[in-house]
J.: 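Sharing a structure, written as structure tokens. Questions coming.
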Amino acid sequence: MAVAESAGLAPVLGFALVGVLGVGSQWLAWRLRMPAIVLMLLAGLAVGPGLGVLDPSRDFGSLMQPMLAIAVAIILFEGGLTLSLHSLSDAATGVKRLVFLGAPLGWAASSAALHWGAGLSWEASAVFGGIMIVTGPTVIAPLLRQARLKRRPAALLQWEAIVNDPVGALAAVLAFEVVTVLHSAASVSTAVTDMVVGIVGAIVLGVAGGWGLARSFRNALVPEYMKVPVLFVLLLAVFALSDALLHESGLLAVTVMGLWIANADLPSYVELRRFKEHATILLVSGVFILLAANMDRETLASLDWRALVFVLAVVFLARPLPVLVALAFTNVPWRERLLVAFTGPRGVVLVAVAGLFGERLAQLGIPDGDRVAPLAFALVAATVVLHGFTLTPLARLLGQNATATPGVMIVGGSRWAAALGAALKKLELPVVVADPNHAHLRQAREAGLETFWGDILSEAAEHKLDFVTYDKVIAATDNDAYNTLVATDLAPEFGREHVFQLKRVRQASARHALPATLGGGKIGLDETFFESNARLSEGWEFRVTKLSAEFSLEQWRAKNPKAVPFADLGPNGTLRLLGPEDKPKETEGTRLLVFAPKRQERKEDRRDENGNDTMKSA
């Protein structure tokens with residue numbers, strides 16, 4: 001700590017800078033619709049080797065490695081916490097193949113690329129090749145959010161990244177133990193015993209931690225306000241104990257623990273997962289900034305043409321070939337195989353573990369051990385930038401995007417819902433109408449809309465509906481309490497600004513008013529279920545109109561004084577649902593979805609070729 005205080009940034013200021021850069025990069029990426037990881041990488045390089053403002057090794061001293069280790073453990077635990085076994089059903093065969101066949105083939109192919117491409121010795125190549133099995137859950141998660149892939153390829157990539165993370169670390173441990181035996185007096189039996197004890201111990205600790213936590217939560221042995229703190233403390237304890245048995249086995253332990261909790265069917269699971277997601281976003285941001293800033297100019301300058309050959313060999317050979325072999329003769333369509341094969345970004349775990357083993361190889365006297373860390377960083381930087389910009393176009397080319405423009409989920413079947421869904425369908429948007437009552441969906445089915453019979457909050461809905469296809473929710477049942485429940489529950493997942501509900505019947509008085517944290521936003525005329533459906537009986541309808549230079553918003557309003565703008569779809573494909581106080585965009589090419597009285601047919605439009613009034617003759 002003395003070093004950090006005598007030169008460079010103070011630790012507190014350093015932490016603040018990392019936080020601002022990390023979260024700021026994510027926010028800017030959201031605004032610019034760019035891959036967040038690319039901006040975080042650039043920000044870290046700018047303040048680190050670029051400007052020299054932040055040097056994590058100097059400013060944080062001996063705290064640097066423990067901070068990274070704990071952050072990676074929490075990130076992996078959160079990844080395991082998202083892996084419900086029910087979500088594995090569509091991709092079970094593919095995931096098994098990628099783990100049991102793809103991982104060993106990837107280890108061999110990566111080691112070959114390191115030896116013949118980067119010029120490393122076989123000892124260093126075997127250790128580093130094991131780490132390269134890891135495809136980076138810290139990178140995959142934000143890329144999947146951005147690319148909006150279909151359910152099965154997204155599940156394949158997510159499961160492979162999470163499961164192979166500890167597998168890759170353990171493969172590196174195994175290779176390092178073999179290298180240690182060859183370069184020291186340690187016996188083979190001792191090394192094998194250490195490996196077996198460490199792996200078994202990690203699995204036992206992970207299962208015991210998950211089982212104990214689930215049991216204590218289910219039996220109310222932990223009060224609600226202490227559940228998250230207890231979870232964190234237990235997570236750190238399991239990670240530390242497992243790492244003490246065998247270095248890097250803690251990653252396996254926390255992944256197993258997260259997987260157990262994810263499938264324990266806990267009432268508090270949703271709250272735990274959401275809190276963990278927030279913590280993980282902060283940690284991923286911070287770790288990427290730290291790792292990029294920790295690179296020095298000399299290390300970056302040491303990357304020569306052989307590093308480029310190595311990266312190209314990994315991207316076009318060492319990654320695709322094992323995946324294509326592993327998924328051969330499975331029920332995974334060839335387009336999905338290609339997408340998974342050419343999507344292999346590396347992330348935090350690779351750089352952190354590679355740096356650690358690189359130092360250890362150098363200590364054993366292996367001359368190229370110090371080249372492992374810069375090669376790892378080059379691979380991470382190249383794959384992050386490459387896949388960050390190419391995953392969405394590649395998925396679109398292969399037809400693996402969930403949809404070009406996200407659609408609308410309408411909860412509640414009715415005449416009004418069917419009419420709205422049909423109008424949204426005219427805008428070429430995906431629409432689904434869900435209702436627990438099968439009879440309520442009749443009109444939606446007659447309108448040719450996709451329907452879901454069941455509770456939208458059920459586990460069945462989560463597994464049968466591809467939620468990534470939709471980014472707007474309208475709660476429109478005849479039950480105000482259920483509408484409020486749906487809007488409140490789905491708001492964190494879709495974003496509160498994208499969740500709406502029909503007006504509640506009783507909300508004018510303070511006795512029935514709800515706090516702002518409950519329910520969804522206002523939409524259209526802000527009318528109740530019964531008022532909205534009554535409008536249709538009075539002759540109202542949904543229709544679409546397009547704004548142009550010849551037909552502006554003002555001209556439309558003059559011709560349709562009673563019409564209410566319900567949504568607008570801009571030329572860039574962005575849909576906005578409008579509340580009573582929202583103004584539609586006036587951009588040329590914008591299409592308006594309006595709720596308005598039916599147009600009165602003009603008399604001159606009703607005359608036939610002989611000038612007779614067709615309405616009278618009818």
Side-chain angles (χ1 to χ4, degrees), residues 407-427 429 431-437 440-444 447 449 456 470 472-488 490-491 494 496-545 553 556-557 560-569 575-584 592-600:
V408 180
M409 182 180 295
I410 304 173
V411 182
S414 64
R415 184 184 173 191
W416 180 87
L420 171 59
L424 290 169
K425 194 174 179 180
K426 288 182 181 177
L427 293 174
L429 296 172
V431 181
V432 63
V433 181
D435 199 293
N437 190 321
H440 291 176
L441 297 172
R442 179 178 59 82
Q443 291 168 315
L449 301 175
I456 199 64
Y470 315 98
K472 305 285 191 301
V473 178
I474 302 175
T477 72
D478 57 359
N479 187 323
D480 289 339
Y482 182 70
N483 290 343
T484 302
L485 174 64
V486 168
T488 303
L490 297 181
F494 285 84
R496 295 188 181 279
E497 69 277 14
H498 299 309
V499 176
F500 305 85
Q501 77 175 95
L502 296 182
K503 181 180 179 181
R504 294 185 304 114
V505 175
R506 297 182 180 181
Q507 66 176 35
S509 66
R511 184 184 295 274
H512 297 101
L514 295 177
T517 55
L518 298 179
K522 300 176 182 179
I523 190 167
L525 288 164
D526 190 28
E527 293 184 325
T528 67
F529 172 89
F530 304 101
E531 291 170 339
S532 299
N533 280 276
R535 291 271 184 188
L536 297 177
S537 302
E538 295 169 2
W540 284 56
E541 65 181 355
F542 286 101
R543 58 176 181 259
V544 176
T545 186
L553 181 63
W556 172 79
R557 286 189 182 279
N560 301 273
K562 294 184 178 181
V564 178
F566 200 89
D568 61 33
L569 184 65
L575 175 72
R576 287 196 315 149
L577 296 180
L578 305 174
E581 298 178 359
D582 295 328
K583 295 181 179 179
L592 291 182
L593 172 62
V594 301
F595 193 38
K598 288 184 180 179
R599 294 180 179 138
Q600 294 298 320

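Just so it is clear, the structure is predicted and the values come from calculations on it, not from any experiment.
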J.: Can you check whether Val411 reaches Tyr482 side chain to side chain, under 4.5 Å on heavy atoms?
T.: yes
J.: Asp478 and Asn483: side-chain contact (heavy atoms from CB on, under 4.5 Å), yes or no, with the steps?
T.: CA-CA 8 Å; Asp478 57 359; Asn483 290 343; over 6 Å; no
J.: Yes or no on side-chain contact (heavy atoms from CB on, under 4.5 Å) for Thr484 and Arg504, after CA distance, side-chain angles and deciding distance?
T.: CA-CA 9 Å; Thr484 302; Arg504 294 185 304 114; 3.5 Å; yes
J.: Could you check Phe566 against Leu592 for side-chain contact (heavy atoms from CB on, under 4.5 Å), going step by step and ending with a plain yes or no?
T.: CA-CA 8 Å; Phe566 200 89; Leu592 291 182; over 6 Å; no
J.: With Asp582, which residues qualify under side chain to side chain contact (heavy atoms under 4.5 Å, CB included), at least two apart?
T.: Leu578
J.: So how far is it from Met409 CE to Ile474 CD1, rounded to the nearest 0.5 Å?
T.: 11.5 Å
J.: Please give me the minimum heavy-atom distance between Lys522 and Phe500, naming the atom from each residue.
T.: O-CD2, 3.4 Å
J.: On a heavy-atom basis, which atom in Pro565 and which in Val594 lie closest, and how many Å separate them?
T.: CA-CG1, 4.2 Å
J.: State which residues pass side chain to side chain donor-acceptor pair (under 3.5 Å) with Glu527; sequence neighbours excluded, sorted by chain then number.
T.: Arg535
J.: Any idea which heavy atoms bring Val473 and Val486 closest together, and the distance?
T.: CG1-CG1, 4.5 Å
J.: Looking at every non-hydrogen atom in both residues, tell me the closest pair between Trp540 and Lys562 and how far apart they are.
T.: CH2-O, 3.6 Å
J.: Under 3.5 Å, side chain of Gln501 to main-chain N/O of Gly520, donor-acceptor pair present?
T.: yes
J.: Check Ala434 against Leu441 and note the closest heavy-atom contact, atom names and distance.
T.: C-CD2, 4.1 Å
J.: Using side chain to side chain contact (heavy atoms under 4.5 Å, CB included) as the criterion, list what pairs up with Ala596, not counting sequence neighbours.
T.: Arg543, Ala563
J.: Quick one: does any side-chain atom of Asn533 pair with a main-chain N or O of Trp416 as donor and acceptor, under 3.5 Å?
T.: yes
J.: Can you tell me how far the CZ atom of Arg496 sits from the OG1 atom of Thr488, to the nearest 0.5 Å?
T.: 7.0 Å
J.: For Asp435, enumerate each residue passing the salt bridge (Lys or Arg N to Asp or Glu O under 4.0 Å) test, keeping only those at least two apart in sequence or located in another chain.
T.: none
J.: Going by the rule side chain to side chain donor-acceptor pair (under 3.5 Å), which residues pair with Arg442 if we only count those two or more places apart in sequence or in a different chain?
T.: Glu446
J.: Can you measure from CZ (Arg576) to CG (Leu569) and round to the nearest 0.5 angstrom?
T.: 11.0 Å
J.: What pair of heavy atoms forms the shortest contact from Asp568 to Pro584, and how long is it?
T.: OD2-CA, 3.4 Å
J.: Please round to the nearest 0.5 Å and tell me the distance separating atom NE2 of His440 and atom OG of Ser414.
T.: 9.0 Å
J.: For Ala423, enumerate each residue passing the side chain to side chain contact (heavy atoms under 4.5 Å, CB included) test, keeping only those at least two apart in sequence or located in another chain.
T.: Phe542, Leu593
J.: Could you state the interatomic distance from NZ (Lys503) to CG (Asp526), rounded to the nearest 0.5 Å?
T.: 5.5 Å
J.: Has Glu538 got more than 12 heavy atoms of other residues, nucleotides or ligands less than 6.0 Å from its CD?
T.: yes
J.: In the structure I gave you, are the side-chain heavy atoms of Leu502 and Phe530 within less than 4.5 Å of one another anywhere?
T.: no
J.: Can you name the side chain to side chain contact (heavy atoms under 4.5 Å, CB included) partners of Val431, sequence neighbours left out?
T.: Ile410, Leu424
J.: Does Ser532 have any side chain to side chain donor-acceptor pair (under 3.5 Å) partners at least two apart in sequence or in another chain, and if so, which?
T.: none
J.: Show, in sequence, the C-alpha distance, side-chain angles and deciding distance for Phe529 and Asp480, and conclude whether the side-chain contact (heavy atoms from CB on, under 4.5 Å) test is met.
T.: CA-CA 9 Å; Phe529 172 89; Asp480 289 339; 5.6 Å; no
